[in-house]
Amino acid sequence: PYARDRSKMAMFAPAKGVAALGSDPLTLNALKASVGPIGPIGPIGPTIAVTAATVAAARRKRPFSRLSSCSVRAVAQPVEAVAQVESLQLAPALVQKLWKEVGIPKGNALAEKQWLDSFSADATVEDLYLNENPTGIAGVRAYLENKSGCGRLVIDRCSDGDRSCGFTWHLQENEAVGLRGTTFVQLDEQGKVCYLREICEPLFKPGDLTVELLKAIGGDNVATFDQAERREPKGASDICRYLWKELQGNAPPKECLTFFADKVLYEDFNYELPLRGKEEVGDFLEKFAKIKALKFVAERFSDGSRACCFTWNVEIVGAPEDAPRIKGISFYELNDAGKIIYVRDIPESSNPFQGLVAMAQPKLRVLLPRSSVVAGEERCNCADAGGVVWPTGECVDGQTVLDQMVTGSDGVRRSVAEQIGGARGAVVIYLRHLA
């Protein structure tokens, strides 16, 4: 069962001959249609009577998925109002249904209806790839339209959660990996999406220039933080709240680092390559701790225990009052020891270059596709012995390259072989110097 805490299921007494229901929304809808609202959606009827035929009908609509494998036993006897919807993991089940099973509609009317029916009429949809985000159903349509020309959206990691969750993803076409991103989803009391924020990686990653820019904006100003008492947080959501709403500004990075695993993988998309291990993460945290005017304002946290996704914005003391705040999103995952083993941070990007790239590469939305989701783990093609890709598109062997004539800084034309001489190892040849 997906629900790890079986005590939450104790209210359901076992009954002979009564089938088990999965937690996916279609099955739950069949249950609600038979017995009335479930859990916080409203008071449940005095009895629950689910026949094998009802279960079979629900299963015919769609097979159960891995994320919806926890079971609920319904019995024909009085039951108290069900307040245990959290054990059903509704948020990740809905993500599984929409993004993986139904998929982006791309003109499919039935699929589009399932998407629209899964959002509340006044839902807030923040797709920060777009310049404008209409509210409600118009926002959902804008989100789907933005994805309609993309390649397949592949979910890499999905948090657990009751009323909210988050997931990391990448675009893929054949074997090529494209744009990467993170999405936060929150449900209302009816189990519909009432809030969504999605941010994809910036194509231009400034690296440490981000630190220098924030220092320049903040100057000598100092951000203020509410005082907090030390405690021992439990679970991913609680740890993230503790780090960013309580410890931030009140503890040195070394103290925060105790919550990270030794082999943590930290993807901050201000940088091209991820941070690996506590030492690199510690140096990274120290850099940002020195920006005294900087404050990350946490907004919404998902409620998972194994992983947590949360939204935030950046506050810089000293910045003009009318300056827009940068929005962001983070995903944290714990290992079996309860330590942070994976992080992805993404700030929003207003780079107009993204629109041009989307026109040139609509499926992947990056100029240079990857072979791996994690930067730095791409496989090189040296072993393929395919030669060098020439500007004409053909592949040529090494001797052809060595025979090319180049003009040296002294104005003398020589072959590449003469220019290189007895050099060994990797050699970079800038094509603009070729004859």
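Note that the numbering runs from 1 along the sequence shown for the chain. Small disclaimer: the values here were computed from a predicted structure and weren't measured.
Contact check for L94 versus S118: side-chain heavy atoms found under the 4.5 Å cut-off. D162 places a side-chain heavy atom less than 4.5 Å from the side chain of Q89. Within the 4.5 Å cutoff, no side-chain heavy atoms of T124 are placed close to those of F119. Here the side chains of P347 and W312 are in contact, with some heavy-atom distance below 4.5 Å. Residues F269 and I199 are not in side-chain contact: their nearest non-hydrogen atoms beyond the backbone lie 4.5 Å or more apart. Residues D127 and N133 form a side-chain contact, since some pair of their non-hydrogen atoms from C-beta on lies under 4.5 Å apart. Side-chain contact check for W99 versus V185: some heavy-atom pair is nearer than 4.5 Å. A 4.5 Å side-chain heavy-atom check between L265 and V343 finds every atom pair outside the cut-off.
Listed by chain and number, the residues in a salt bridge (Lys or Arg N to Asp or Glu O under 4.0 Å) with R152 amount to none (sequence neighbours excluded). Applying the side chain to side chain contact (heavy atoms under 4.5 Å, CB included) test to L110 and every residue at least two apart in sequence or in another chain returns N108, Q114. Qualifying salt bridge (Lys or Arg N to Asp or Glu O under 4.0 Å) partners for E299, counting only residues two or more places apart in sequence or in other chains: R197. F301 pairs by the ring-ring contact (aromatic ring centres under 6.0 Å, His included) definition with F310, not counting sequence neighbours.
Interatomic distance, CZ of F167 versus CD of Q96, reported as 10.5 Å (0.5 Å rounding). Remark: N270 CG to L213 CG distance equals 10.0 Å, nearest 0.5 Å. Between atom CD of residue E279 and atom CG of residue D262 there is a gap of 11.5 Å, rounded to the nearest 0.5 Å. Here the straight-line distance linking atom CG of D122 with atom CD1 of I137 works out to 9.0 Å at 0.5 Å rounding. Going from atom CD1 of I316 over to atom CG of L214 covers 4.5 Å, rounded to the nearest 0.5 Å. For the atom pair I104 CD1 and L98 CG, the distance stands at 9.0 Å (nearest 0.5 Å).
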- request: Before giving the answer on side-chain contact (heavy atoms from CB on, under 4.5 Å), spell out for I340 and L334 the whole-Å C-alpha distance, their side-chain angles and the decisive distance to 0.1 Å.
  value: CA-CA 4 Å; I340 300 169; L334 309 185; 3.8 Å; yes
task: Output, in order, the C-alpha distance, side-chain angles, deciding distance and verdict of side-chain contact (heavy atoms from CB on, under 4.5 Å) for V366 and L203.
output: CA-CA 7 Å; V366 293; L203 297 182; 3.9 Å; yes
- prompt: What's the verdict on side-chain contact (heavy atoms from CB on, under 4.5 Å) for Y143 and L196, showing C-alpha distance, side-chain angles and the deciding distance?
  reply: CA-CA 10 Å; Y143 174 83; L196 178 150; 4.2 Å; yes
- prompt: Can you list the steps and then say if L171 with L153 is a side-chain contact (heavy atoms from CB on, under 4.5 Å)?
  reply: CA-CA 5 Å; L171 297 181; L153 189 150; 4.3 Å; yes
query: Would E267 and Y342 satisfy side-chain hydrogen bond (donor to acceptor under 3.5 Å, both in side chains), going step by step from the backbone distance to the final call?
result: CA-CA 8 Å; E267 293 182 311; Y342 173 79; 2.5 Å; yes
Enumerate, atom names and distances included, each donor-acceptor pair closer than 3.5 Å involving a side-chain atom of residues 173-183, sequence neighbours excluded.
unit_1: R180; atom_1: NE; unit_2: E201; atom_2: OE2; d: 3.0
unit_1: R180; atom_1: NH1; unit_2: V373; atom_2: O; d: 2.8
unit_1: R180; atom_1: NH2; unit_2: E201; atom_2: OE1; d: 2.9
unit_1: T183; atom_1: OG1; unit_2: W169; atom_2: NE1; d: 3.0
unit_1: T183; atom_1: OG1; unit_2: E198; atom_2: OE1; d: 2.6

Side-chain donor-acceptor pairs of residues 280-291 under 3.5 Å, sequence neighbours excluded:
unit_1: E280; atom_1: OE1; unit_2: R276; atom_2: N; d: 2.9
unit_1: K287; atom_1: NZ; unit_2: D208; atom_2: OD1; d: 2.9
unit_1: K287; atom_1: NZ; unit_2: D208; atom_2: OD2; d: 3.1

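Closest non-hydrogen pair, L294 versus V314, comes out as CD1-CG1, 3.4 Å. In terms of heavy-atom proximity, G161 sits nearest to D303 at CA-OD1, 3.2 Å. Heavy atoms only, all atoms of each residue included: P233 and F259 are closest at CG-CE2, 3.6 Å. Across all non-hydrogen atoms, the minimal contact from L130 to N146 is CD2-CG, 3.7 Å. The minimum heavy-atom distance linking A223 with K295 is given by the pair CB-CB, 4.1 Å. Annotation for F204 and P206: closest pair O-CD, 3.4 Å, computed over non-hydrogen atoms.
Figure legend: R300 and Y195 shown as a cation-pi pair, the cationic atom lying under 6.0 angstrom from the six-membered ring centre and within 45 degrees of its axis.
Checking side-chain atoms of D226 against main-chain N and O of E246 turns up no donor-acceptor pair under 3.5 Å. Between the K292 side chain and the G219 main chain, no donor and acceptor come within less than 3.5 Å of each other. Looking at S120, its side chain never comes within 3.5 Å of a backbone N or O of K192 through a donor-acceptor pair. In this structure a side-chain-to-backbone donor-acceptor pair under 3.5 Å is missing from S305 to G235. Counting only distance, with no hydrogens or angles, the side chain of K278 and the backbone of V264 share no donor-acceptor pair below 3.5 Å. Side chain of D160 to backbone of R306: a donor-acceptor contact under 3.5 angstrom is found.
Under a 4.0 Å N-O distance rule, the pair R344/E333 does not qualify as a salt bridge. Salt bridge annotation for K113-D117: present, with a cationic side-chain nitrogen under 4.0 angstrom from a carboxylate oxygen.
The only option from C240, C309, C158, S302 that meets the side-chain contact (heavy atoms from CB on, under 4.5 Å) definition with F331 turns out to be C309.
The environment of CD in E255 is crowded: more than 12 heavy-atom neighbours from other residues, nucleotides or ligands sit within 6.0 Å.
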